[in-house]
S.K.: 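Could you have a look at this structure, given as structure tokens, before my questions?
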Amino acid sequence: MTGKLAQIIVLLGAPGAGKGTVAQYLKSKYDVCHFSTGNLLRNEIQEGTNLGMKVKGIVASGGLVGDDVINEIVEKNLGETVGGCSIVVLDGYPRTRRQAEVLDGMTSGKLKALIRVVELSIDREALISRLSQRLVCSECGNTYGPKDGKSTCSCGGGLIKRKDDEESTIRERFRKYEEETLPVSSYYGDRLVKVSGSGTPDEVAQSVDGVLCSFGIEKRR
Ligand code: AMP
């Protein structure tokens, strides 16, 4: 890092609002690194680590992993990502007010990064239908909807339904979102910009481009 303050773009939004899709879009068009706590946890579970065993049931049931556990994983891994990238897209973290406070502590301390927040807002029933139909790549984590008409990922990996995309689990994830994550939006106040997540992926991408432009972030040349 060369003196310039790193920027962290926090993607907020209910499950299925399109955080993962927007993160993929940003990776394809901008010089950013993607940091997803959901992906970190799924890797731990897949590798059968102690942490993975500890969180497996919680992730499968749509609950939230405890703040202390998640903050520790982020503290352990985020520094490396911020050190290697001037713009980091944070997907799935923070999900509680406590996590947002810890992230502020990290970035005003040794990480030195500016936090901006993009919240994807979308109607609840549209979200439930979107989530119960979505497929993810078992290799790279890219997500696909029914309109994509794909049975394999562009990386060659097979597409599977995520265990936590079953309808009862989706409802639990919503309940948690409304209870724990909605207060995170108000915590960020004027650091947060809202974008409608209801349009087509191209329309959402265009709105996100506008927000990033207002942050002074340009597309890769
Ligand atoms: P995601 O891929 O972001 O939807 O995360 C999948 C699951 O991992 C969530 O439903 C939670 O069980 C867990 N998880 C991911 N990030 C967090 C977080 N910041 N706090 C608590 N649990 C999390």
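First listed ligand is number 1; within each ligand, the first listed atom is number 1. For this chain, numbers begin at 1 and follow the sequence in order.
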S.K.: Counting non-hydrogen protein atoms only, what is the nearest one to atom 11 (C) of ligand 1? Give residue, atom name and distance.
M.R.: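 The answer is G63 O, 3.3 Å.
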S.K.: Are K219 and L212 side-chain neighbours, meaning at least one heavy-atom pair lies under 4.5 Å?
M.R.: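 A side-chain contact is absent here, since even the closest heavy-atom pair is not under 4.5 Å.
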S.K.: Please confirm whether R162 comes under 4.0 Å of ligand 1, counting heavy atoms of the residue only.
M.R.: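 A heavy atom of R162 does come that close to ligand 1.
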S.K.: When you measure from the heavy atoms of K19 to every atom of ligand 1, does any distance fall below 4.0 Å?
M.R.: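 Distance cut 4.0 Å: K19 fails for ligand 1.
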S.K.: May I ask you to identify the nearest protein heavy atom to atom 6 (C) of ligand 1, giving residue, atom name and distance to one decimal place in Å?
M.R.: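 I find the closest protein heavy atom is R42 NH1, 3.5 Å.
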S.K.: Would you say the side chains of D209 and Y30 form a donor-acceptor pair under 3.5 Å?
M.R.: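 D209 vs Y30: donor-acceptor pair found between side chains.
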S.K.: Checking side-chain contact (heavy atoms from CB on, under 4.5 Å) for the pair R162/L131: CA distance, chi angles, key distance, verdict?
M.R.: CA-CA 10 Å; R162 257 169 60 171; L131 271 185; over 6 Å; no
S.K.: Among all protein heavy atoms, pick out the one at the shortest distance from atom 22 (N) of ligand 1; state its residue, atom name and that distance to 0.1 Å.
M.R.: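 For atom 22 (N) of ligand 1, the nearest protein heavy atom is V65 N, 3.1 Å.
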S.K.: Less than 4.5 Å apart, side chain to side chain, heavy atoms only: is that true for P201 and Y25?
M.R.: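 No, too far: nothing below the 4.5 Å cut-off.
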S.K.: Mind listing the closest non-hydrogen atom pair of C155 and C137 along with its distance?
M.R.: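 Where C155 meets C137 most closely, the heavy atoms are SG-SG, 3.7 Å.
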S.K.: Specify the protein heavy atom at minimum distance from atom 1 (P) of ligand 1: its residue, its atom name, and the distance to 0.1 Å.
M.R.: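 For this ligand atom, the closest protein heavy atom is R95 NH2, 3.5 Å.
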S.K.: Nearest heavy atom to atom 14 (N) of ligand 1: which of T37, L41, L40 does it belong to?
M.R.: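 Heavy atom nearest to atom 14 (N) of ligand 1 belongs to L41.
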S.K.: If you measure from each non-hydrogen atom of V59 to ligand 1, which part falls under 4.0 Å: side chain, backbone, both or neither?
M.R.: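 Both parts.
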S.K.: Does the salt bridge (Lys or Arg N to Asp or Glu O under 4.0 Å) test come out yes or no for R97 and E101, once each step is laid out?
M.R.: CA-CA 6 Å; R97 194 188 159 99; E101 287 166 353; 3.2 Å; yes
S.K.: Would a hydrophobic clustering, with Ile, Leu, Val, Met, Phe, Trp and Tyr connected at side-chain separations under 4.5 Å, put I122 with V193?
M.R.: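 Unlinked, I122 and V193 end up in two clusters.
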S.K.: Nearest protein heavy atom to atom 20 (N) of ligand 1, by residue and atom, and its distance?
M.R.: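 Among all protein heavy atoms, the one nearest atom 20 (N) of ligand 1 is Q99 NE2, 3.0 Å.
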S.K.: At less than 4.0 angstrom from any non-hydrogen atom of R173, what atoms of ligand 1 do you find?
M.R.: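 Going through ligand 1 atom by atom, the ones under 4.0 Å from R173 are 4 (O).
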